[in-house]
Amino acid sequence: MAQHSLRTNPLRRLGGRIATALAAVLLVFSDPGSAFAQRFGVVEYEYPQEYYIIEVNAINNRAEMVGTGHRERGGSTALLWRADGRVVELPFLLPSPAPDAPRYRQSAQAHDINDDGVIAGRAEGRIYPQYAVLWTDEHTIVDLLGRDSVAYDVSNSLVVTGIYGRSGFGIDPFVWENGQWMGLYPPMIDVNDLNNLGQAVGEDGFSPVIFDQRSRQFTFLPALRPSAWASATAINDLGQVGGWSEKDTDLYHPVYWENGRVRELARVRPDTMASVVSLNTRGEMTGSTFYPELRPVYYRNNFVMMLNDLLLDAVQGDWRVNVGPRLNDAGQIGGRAYHYPRERAFPVRLDPVDTGLTLWSIEPSRPGVRNEIQINHATPGGRVSLLW
């Protein structure tokens with residue numbers, strides 16, 4: 001085991017080749033309370049008692065979240081959580097068919113929210129079971145297509161993506177803007193995310209695809225090996241893409257694309273299947289492991305940790321984050337978490353907390369590859385020791 005010490009600035013990079021793989025890295029520092037990695041505090045949002053299951057589907061850069069409340073007797077309501085945690089029930093597309101009609105016969109779901117508070121989702125209609133809709137504010141709902149469809153994502157410029165039904169032909173993805181829509185099939189058979197540049201990502205069944213709304217061009221992304229199955233599941237406003245890909249086996253490996261090049265991300269265990277769920281412009285990603293167990297994970301560069309291990313010590317024994325959390329560009333995470341001893345999941349926001357010294361970018365050394373260790377929040381003039 002070797003040891004190196006260095007004087008640090010608030011941000012210092014130690015570069016150079018490390019001849020052997022970094023099996024483990026320990027930090028020795030003098031600041032009490034410093035931490036090995038990014039930590040998060042938990043902010044609980046309002047949970048209306050009427051709903052027995054709550055979904056959280058998106059968080060915007062104003063810390064507003066949207067999702068769905070499901071009733072035990074049937075039906076659902078689209079929900080908006082303001083940044084202060086208060087919940088708003090969004091209106092349905094149609095009024096109740098009769099004054100005494102029960103609420104559980106109506107259904108609506110909210111899937112995405114942009115930074116202006118416009119919400120995309122679906123609502124029950126008169127003829128079809130679901131209509132793609134936008135909530136332009138807390139009181140106004142707009143039908144986009146007038147047909148069997150769902151809106152999944154909305155950008156700040158009001159580009160919308162989703163799926164629509166072709167009678168007898170299944171469902172296809174679409175993009176909508178200024179009252180006009182176009183189908184994306186072929187080559188896309190699924191659309192998973194949209195950024196504020198009008199770029200949508202999805203797959204053609206086996207390969208990841210980017211669609212650019214401005215140029216009307218489709219671009220295929222590479223997998224970790226030729227002819228492997230892969231999917232693009234998230235895209236940020238820098239055009240960086242996250243998803244998963246097969247490699248040497250049938251395991252799904254978490255991956256990241258930038259400038260058309262694919263990079264494999266670290267996994268918590270060699271036998272774990274995982275995928276990226278969301279990514280922001282700060283180089284942070286959230287994802288899920290889904291074999292052999294379903295757990296949320298957090299990525300920074302090629303460093304990965306179980307998200308629940310990053311909760312502050314004061315709340316770690318009380319809360320357990322559920323899968324599928326979403327990120328915004330401030331590093332806040334929106335999702336659901338179980339609060340012990342209660343058994344149902346509550347809507348929460350995880351706020352990043354500066355707990356002191358942090359270390360990122362630990363990668364096994366490879367011949368001819370420069371490895372970097374990035375140290376943040378070190379005390380100017382202080383001493384940091386790295387052991388491997």
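As a basis for the values below, the full set of heavy atoms in this structure was taken, side chains included, without hydrogen atoms, waters or symmetry mates. Sequential numbering from 1 along the given sequence is applied to the chain's residues.
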Ring geometry between Phe218 and Phe211 (parallel below 30°, tilted from 30 to 60°, perpendicular above 60°): tilted
Heavy atoms from other residues, nucleotides or ligands near CZ of Phe206 exceed 12 (cutoff 6.0 Å): no
N/O donor-acceptor pair under 3.5 Å between Asp351 side chain and Gln332 backbone: no
Trp81 (side chain) donor-acceptor with Ile59 (main chain) under 3.5 angstrom: no
Any donor-acceptor N or O pair under 3.5 Å, side chains Glu258, Gln240: yes
Closest contact, heavy atoms only, Tyr256 versus Met285: CD1-CE, 3.1 Å
Main-chain N/O of Pro325 paired to Thr286 side chain as donor or acceptor, under 3.5 Å: yes
Cluster link Leu184 to Ile163, ILVMFWY, side chain under 4.5 Å: no
Hydrophobic cluster membership, Met188 vs Tyr152, 4.5 Å side-chain cutoff: no
Straight-line distance of Asp237 CG to Gln199 CD, nearest 0.5 Å: 9.0 Å
Nearest non-hydrogen partners of Leu194 and Asp153, listed with the distance: CB-CB, 3.6 Å
Spatial distance of atom CE (Met305) from atom CZ (Arg300) [nearest 0.5 Å]: 14.0 Å
Minimum side-chain heavy-atom gap Pro186-Asp204 below 4.5 Å: no
Separation between CG of Asn280 and CG of Asn328, rounded to the nearest 0.5 Å: 7.5 Å
Atom CZ of Arg261: over 12 foreign heavy atoms under 6.0 Å: no
Derivation and outcome, side chain to side chain contact (heavy atoms under 4.5 Å, CB included), residues Arg336 and Arg344: CA-CA 9 Å; Arg336 302 189 309 158; Arg344 65 178 180 177; over 6 Å; no
Nearest-0.5 Å distance, OH of residue Tyr340 to CH2 of residue Trp319: 11.5 Å
Closest non-hydrogen atom pair between Ala108 and Trp135, with its separation: CB-CZ2, 4.2 Å
Polar side chain donor-acceptor pair, Arg267 to Thr289, under 3.5 angstrom: no
Side chain Asp137, main chain His139, donor-acceptor under 3.5 Å: yes
Euclidean distance, His339 NE2 relative to Asp318 CG, rounded to 0.5 Å: 4.5 Å
Donor-acceptor pair, side chain of Gln217 and main chain of Asp212, under 3.5 angstrom: no
Heavy-atom closest pair, residues Asn57 and Gly67: ND2-CA, 3.8 Å
Candidates Tyr131, Trp176, Trp181 - the one meeting ring pair (Phe, Tyr, Trp, His ring centres under 6.0 Å) with Tyr164: Trp181
Residues Thr281 and Asp329: side-chain donor-acceptor under 3.5 angstrom: yes
Sole residue of Asn61, Asp115, Asp116 in side-chain hydrogen bond (donor to acceptor under 3.5 Å, both in side chains) with Asn156: Asp115
Stepwise ring-ring contact (aromatic ring centres under 6.0 Å, His included) test for Phe40 and Tyr298: CA-CA 11 Å; Phe40 292 93; Tyr298 179 79; 5.3 Å; yes
Shortest non-hydrogen contact from Ala232 toward Pro208: N-CB, 3.5 Å
Minimum heavy-atom distance between Arg214 and Asn196, given as atom pair plus value: NH2-O, 4.3 Å
Side-chain touch Arg71/Thr77, heavy atoms, less than 4.5 angstrom: yes
Trp229 side-chain N/O to Gly205 backbone N/O, donor-acceptor pair under 3.5 Å: yes
Nearest-0.5 Å distance that lies between atom CZ in Phe290 and atom OG1 in Thr272: 10.0 Å
Donor-acceptor pair between Ser231 and Thr233 side chains, under 3.5 angstrom: no
CA sep, side-chain torsions, deciding dist, call: Val56, Arg326, side chain to side chain contact (heavy atoms under 4.5 Å, CB included): CA-CA 9 Å; Val56 177; Arg326 269 38 181 202; over 6 Å; no
Same apolar cluster (I L V M F W Y, side chains within < 4.5 Å links), Val209/Leu221: no
Residues Arg122 and Ser107: side-chain donor-acceptor under 3.5 angstrom: yes
Val154 backbone acceptor or donor facing Asp112 side chain under 3.5 Å: yes
Whether over 12 other heavy atoms sit under 6.0 Å from Glu72 CD: no
Any side-chain heavy-atom pair of Leu265 and Val304 under 4.5 Å: no
Side-chain H-bond candidate by donor/acceptor type, Tyr252 with Ser275, under 3.5 Å: no
Side-chain donor or acceptor of Gln130 paired with backbone N/O of Val150 under 3.5 Å: no
Distance-only donor-acceptor check, side chains Arg349 and Tyr45, under 3.5 Å: yes
Note: Asp84-Arg82 ion pair, threshold 4.0 Å (strictly below): no
same_hphob_cluster(Val201, Val262) at 4.5 Å side-chain heavy-atom cutoff: yes
Single-linkage hydrophobic cluster Tyr338~Ile54, side-chain heavy atoms < 4.5 angstrom: no
Donor-acceptor pair, side chain of Ser149 and main chain of Arg147, under 3.5 angstrom: yes
Donor-acceptor under 3.5 Å (Ser155 side chain, Gly198 main chain): no
